[in-house]
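Data block below; observations after.
Letters A, B, ... are given to chains in the order of the sequence lines, protein chains preceding strands, and every chain is numbered from 1. All heavy atoms count here, side chains included; hydrogens, waters and symmetry mates do not. Model, not experiment: these values are computed from the prediction.
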Amino acid sequence: MSLYIYNTLSRSKEEFIPIDPELVRMYVCGPTVYGHMHVGHAKSYISFDIVRRWLTHLYGDSGLLYVMNITDVGHLVSDGDEGEDKVEAQARRENRSPFEIAAYYEASFWEDMKALNCLMPDRIPHATDFVRQQIKMVEEVIAKGVAYEVNGSVYFDVDAWQKKEKGEGFIEYGGLSNRKIEEQTGGERIEANPEKKNPQDFALWKRADEEHFMQWLSPWGWGYPGWHLECSVMSSFYLGKTFDIHGGGIENQFPHHECEIAQSQAANDAPFVRYWMHHNMVNVDGQKMGKSFGNASNVKELIARIGGMPLRFFIAQSHYRSPLEFDLDAIAAAGSGYERLRGTILRLREITGAASDDEPVFKGYPEVEGIWTKFSDAMNDDFNSPVAIGHLFEGVSNVNKLLTSGSEDRSLLEAYNVLLTLGFENILGLTFDVEDGKGGVLTDDLMKLIIDLRNSARAERNFAVADKIRDWLKEAGVVLEDGKEGTRWSVSV
RNA sequence: GGCGCCGUGGCCGAGCGGUUAGGCAGAGGUCUGCAAAACCUCGUACAGCAGUUCGAAUCUGCUCGGCGCCUCCA
């Protein structure tokens with residue numbers, strides 16, 4: 001079965017056919033770095049990390065070029081002239097420079113990404129490094145006759161663009177979000193900027209006031225780039241004028257992506273993106289989670305409290321295009337599910353050792369291969385990770401049964417180990433090992449000592465002491481389990 | 001006002017015309033000194049109304065309720 005992706009352009013699932021079968025090219029809207037990551041961001045980047053991992057699985061390690069931008073220029077708080085820059089606003093609040101703010105929160109972002117086990121993109125362009133190219137693109141759009149300068153600002157002329165003749169594969173303005181611009185009431189909620197010819201025109205370049213900290217010299221005077229421009233410039237810089245996949249949040253469909261499409265097509269004289277992927281939002285009490293709503297749950301705090309993997313598992317258990325209801329009970333439930341999974345995998349690996357990472361190991365075990373096939377089909381069906389997880393849990397259950405019955409079929413267990421490793425670790429990006437720093441061998445020896453002591457107490461039926469030891473260890477985060485084969489210990493996450 | 005989405009068992013969450021989603025929680029049981037873990041057994045849900053169909057959670061219409069975008073936003 002081949003891969004199908006829900007394409008916002010057609011509002012349906014389409015078979016994915018890359019422009020270049022040797023190299024899939026994908027761009028994802030990265031964060032504006034003026035605050036810490038919240039759970040909404042986590043959904044976004046974990047979702048696309050899973051997409052990326054599955055594409056890598058299908059096309060090979062060198063078969064995907066994955067670009068994510070970092071927006072380190074604050075864009076306007078609104079499109080009007082009163083526009084304040086979000087990064088500068090945060091800088092004022094923290095009494096630091098905008099550059100420090102961007103650097104600080106970007107470092108924070110990658111720290112959280114690592115804790116969530118999101119792989120680094122192949123290219124990570126920063127908006128401030130591409131100002132010259134952005135200016136160049138503005139000039140190109142002007143040259144095409146679909147942008148105009150007013151008082152040091154440059155606006156995209158939507159009307160002129162619509163009237164232009166366009167070739168095969170080009171998208172009208174409004175074609176992504178299914179809007180007819182003539183029918184837009186236009187500027188209902190914000191006062192129309194008097195500099196614009198039409199309310200739907202958008203800024204490519206903005207004139208900067210004296211006090212604006214981040215500004216660059218352009219042919220139109222001192223200013224800064226408009227808020228849609230960087231993605232157009234940086235995506236085509238790395239991926240070409242026309243590339244395969246562009247991902248982002250559903251709230252950016254309009255106007256952000258719509259504008260990206262228009263200006264990229266105008267500047268490059270080429271179609272822009274083949275497949276648009278939009279993920280849905282995280283809700284709290286039915287409301288969208290967002291910084292400005294004051295309901296954003298900070299990822300760092302959550303990781304400290306429950307760990308990064310339960311959060312990742314929670315997110316992977318819902319589909320990327322569905323809104324996800326966030327509450328502490330739901331996430332605790334996901335945590336329990338993750339723990340069960342982890343317990344199984346760690347016990348399995350005590351027998352099999354690390355997985356060999358080879359699909360052929362399935363061979364000879366149709367039940368294992370069957371689960372992998374169902375898993376793959378689910379992933380190929382628009383990256384349906386919740387269904388994929390459901391199938392993988394069948395494997396978890398089977399392993400537990402084998403383990404409980406004391407199965408001697410080691411190679412079957414190894415096949416399952418490969419299955420669970422591929423699915424849960426490689427594709428879904430979960431990890432199960434506990435980093436115990438250095439002292440691995442020492443810890444093992446010490447634990448053996450403690451367990452021996454406790455077991456001699458048990459042999460003497462001194463259960464008070466035995467239970468006390470178990471309670472103490474539990475408080476220290478070490479869980480003891482007495483089984484037929486002896487006592488095993490593990491570190492709880 | 002325009003465009004779009006959703007309403008599933010105690011909770012989260014799949015589902016795209018006919019077969020068990022899955023996870024969590026709960027009840028009983030097996031095992032255990034007790035725990036823990038694991039295993040076994042147990043729930044017949046799909047907002048309401050009408051329609052299409054041999055058959056609908058799944059298609060159509062209406063009603064009620066909720067959400068998103070149209071303004072920065074993952």
Side-chain angles (χ1 to χ4, degrees), chain A residues 8 11 13 28-32 34-35 37-48 74-80 83-86 89 174 177-180 183-190 200 227 247-256 258 278-283 286-293 296 313-314 317-319 321-327 329-341 343-344 347 378 384-394 396-397 399-401 403-405 458 461-463 466-467 470-471 474 479-484 488 490:
Chain A
T8 305
R11 297 181 185 277
K13 289 177 193 172
V28 167
C29 284
T32 304
Y34 68 105
M37 190 193 275
H38 65 244
V39 175
H41 296 104
K43 175 171 164 72
S44 174
Y45 300 118
I46 288 171
S47 297
F48 286 119
H75 291 302
L76 297 175
V77 166
S78 89
D79 206 17
E84 189 179 31
D85 173 312
K86 284 182 297 183
S177 55
N178 193 23
R179 271 158 228 264
K180 297 186 184 71
E183 285 177 13
Q184 294 288 295
T185 39
E188 203 172 284
R189 291 167 68 191
I190 54 164
Q200 67 267 25
W227 48 286
I250 197 169
E251 84 285 3
N252 277 332
Q253 227 172 66
F254 187 93
H256 183 57
E258 203 75 73
H278 293 282
H279 70 261
N280 219 124
M281 305 286 96
V282 174
N283 292 159
Q287 297 279 131
K288 172 177 158 186
M289 177 183 284
K291 271 178 80 90
S292 38
F293 297 89
F313 183 66
F314 172 69
Q317 263 193 309
S318 87
H319 189 82
R321 279 192 290 112
S322 300
L324 175 59
E325 183 66 28
F326 176 84
D327 70 78
D329 288 343
I331 227 172
S336 303
Y338 167 77
E339 276 305 325
R340 175 174 160 222
L341 213 187
T344 298
R347 258 173 280 129
N384 197 333
S385 59
V387 168
I389 288 172
H391 292 309
L392 240 32
F393 261 91
E394 195 188 318
V396 172
S397 191
V399 169
N400 283 331
K401 277 175 213 167
L403 258 26
T404 302
S405 69
R458 290 173 70 210
R461 305 192 64 79
N462 189 350
F463 297 121
D467 291 349
R470 188 168 59 194
D471 290 344
K474 192 174 181 189
V479 179
L480 292 189
E481 289 168 7
D482 298 322
K484 270 209 164 76
R488 63 188 300 279
S490 60

Checklist line | A:Val39 to A:Val282 - nearest heavy-atom pair and separation | finding: O-CG2, 3.9 Å

Note to self: Could you check whether any side-chain N or O of A:Glu258 sits under 3.5 Å from a backbone N or O of A:Ser177, counting only pairs where one atom can act as donor and the other as acceptor?
What the structure shows: yes

Margin query: Salt bridge check, A:Asp467 against A:Arg470: does any charged N sit closer than 4.0 Å to a carboxylate O?
Written below: yes

Item checked: B:rC31 and B:rU41, which share atom name C1', separated by this distance in whole Å -> 16 Å

Notebook entry, point to check: OP1, OP2 of B:rG68 versus side-chain N and O of A:Gln287: anything below 4.0 Å?
Noted result: yes

Check: What integer number of Å spans the C1' atoms of B:rG26 and B:rG65?
Finding: 29 Å

Margin query: Distance criterion of 3.5 Å, no angle test: do you see the side chain of A:Arg458 paired donor-to-acceptor with the base of B:rG33?
Written below: yes

Next item on the list: Would you sketch RNA chain B in dot-bracket for me? Only Watson-Crick or G-U wobble pairs with both distances under 3.5 Å count, crossing pairs as [ ], other-strand pairs as |, the rest as dots.
Entry: ((((((((.[[[..)..(...]]].(((((.......)))))....[[[[[..)....]]]]])))))))....

Next item on the list: Tell whether A:Asn462 reaches the base of B:rG33 with its side chain through a donor-acceptor pair below 3.5 angstrom.
Entry: no

Item checked: Length of the line joining A:His256:NE2 and B:rA74:P, which is rounded to integer Å -> 10 Å

Notebook entry, point to check: Does A:Asn384 have a side-chain nitrogen or oxygen under 4.0 Å from the phosphate oxygens OP1 or OP2 of B:rG15?
Noted result: yes

Notebook entry, point to check: Quick one: is A:Asn178 getting a side-chain N or O under 4.0 Å of the B:rC3 phosphate, OP1 or OP2?
Noted result: no

Check: Where each residue is assigned the nucleotide of RNA chain B containing its nearest heavy atom, which of A:Ala333 and A:Thr344 is assigned the position nearer the 5′ end?
Finding: A:Ala333

Next item on the list: Indicate the ring-plane relationship of A:Trp227 and A:His256, choosing parallel, tilted or perpendicular according to the 30° and 60° boundaries.
Entry: parallel

Next item on the list: Write down the distance between NZ (A:Lys401) and C1' (B:rA37), rounded to a whole number of angstrom.
Entry: 16 Å

Margin query: Determine whether a donor-acceptor pair (one donor, one acceptor, N or O, separation below 3.5 Å) exists between the side chain of A:Asp482 and the base of B:rC34.
Written below: yes

Margin query: In this structure, how many angstroms lie between the C1' atom of B:rA36 and the CD atom of A:Glu481, rounded?
Written below: 5 Å

Item checked: Nearest-Å distance once atom P is located in both B:rU19 and B:rA38 -> 31 Å

Checklist line | Value in whole Å for how far the P atom of B:rC16 lies from NE2 of A:His319 | finding: 13 Å

Next item on the list: Could you tell me whether the side chain of A:Ser44 and the main chain of A:Gly40 form a donor-acceptor pair under 3.5 Å?
Entry: no

Check: Looking only at atom C1', what distance separates B:rC12 and B:rG18, rounded to whole Å?
Finding: 28 Å

Item checked: Nearest-Å distance once atom P is located in both B:rA57 and B:rA47 -> 10 Å

Next item on the list: Ignoring hydrogens and angles, answer whether the base of B:rC34 and the side-chain atoms of A:Arg470 contain a donor-acceptor pair closer than 3.5 Å.
Entry: yes

Margin query: Which heavy atom of A:His278 sits nearest to which heavy atom of A:Gly249, and what is that distance?
Written below: ND1-O, 3.4 Å

Margin query: Counting only side-chain nitrogens and oxygens, does A:Ser322 get under 4.0 Å of the OP1 or OP2 atom of B:rA14?
Written below: yes

Notebook entry, point to check: Rounding to the closest angstrom, what is the interatomic distance between B:rG61 and B:rC24 at atom C1'?
Noted result: 38 Å

Next item on the list: Find which nucleotide of RNA chain B each of A:Gly40 and A:Ser318 is nearest to by heavy atoms, and output the residue with the more 5' nucleotide.
Entry: A:Ser318

Next item on the list: Would you please confirm or rule out a distance under 4.0 Å between OP1 or OP2 of B:rG23 and any side-chain N or O of A:Arg340?
Entry: yes

Item checked: A:Glu394 CD to B:rG22 P, straight-line distance once rounded to whole Å -> 9 Å

Notebook entry, point to check: When you measure from the side chain of A:His279 to the backbone N and O of A:Gly248, does any donor-acceptor pair fall under 3.5 Å?
Noted result: yes

Check: Mind checking what makes ring-ring contact (aromatic ring centres under 6.0 Å, His included) contact with A:Phe314, not counting sequence neighbours?
Finding: none

Item checked: Protein-nucleotide distance (A:Asn283, atom CG; B:rG65, atom P), rounded to Å -> 19 Å

Next item on the list: Verify the contact: side-chain N or O of A:Asn400 to OP1 or OP2 of B:rC39, cut-off strictly under 4.0 Å; return yes or no.
Entry: yes

Note to self: Taking atom types as they are modelled, would you say the side chain of A:Lys288 forms a donor-acceptor pair with the base of B:rC67 within the 3.5 Å cutoff?
What the structure shows: no

Checklist line | Nucleotide B:rC3, atom P - distance to CD of A:Gln200 in whole Å | finding: 17 Å

Margin query: What is the separation between atom CD1 on A:Ile331 and atom P on B:rG13, rounded to the nearest whole Å?
Written below: 12 Å

Check: Between A:His38 and A:His41, how do the two ring planes meet: parallel, tilted or perpendicular, split at 30° and 60°?
Finding: tilted

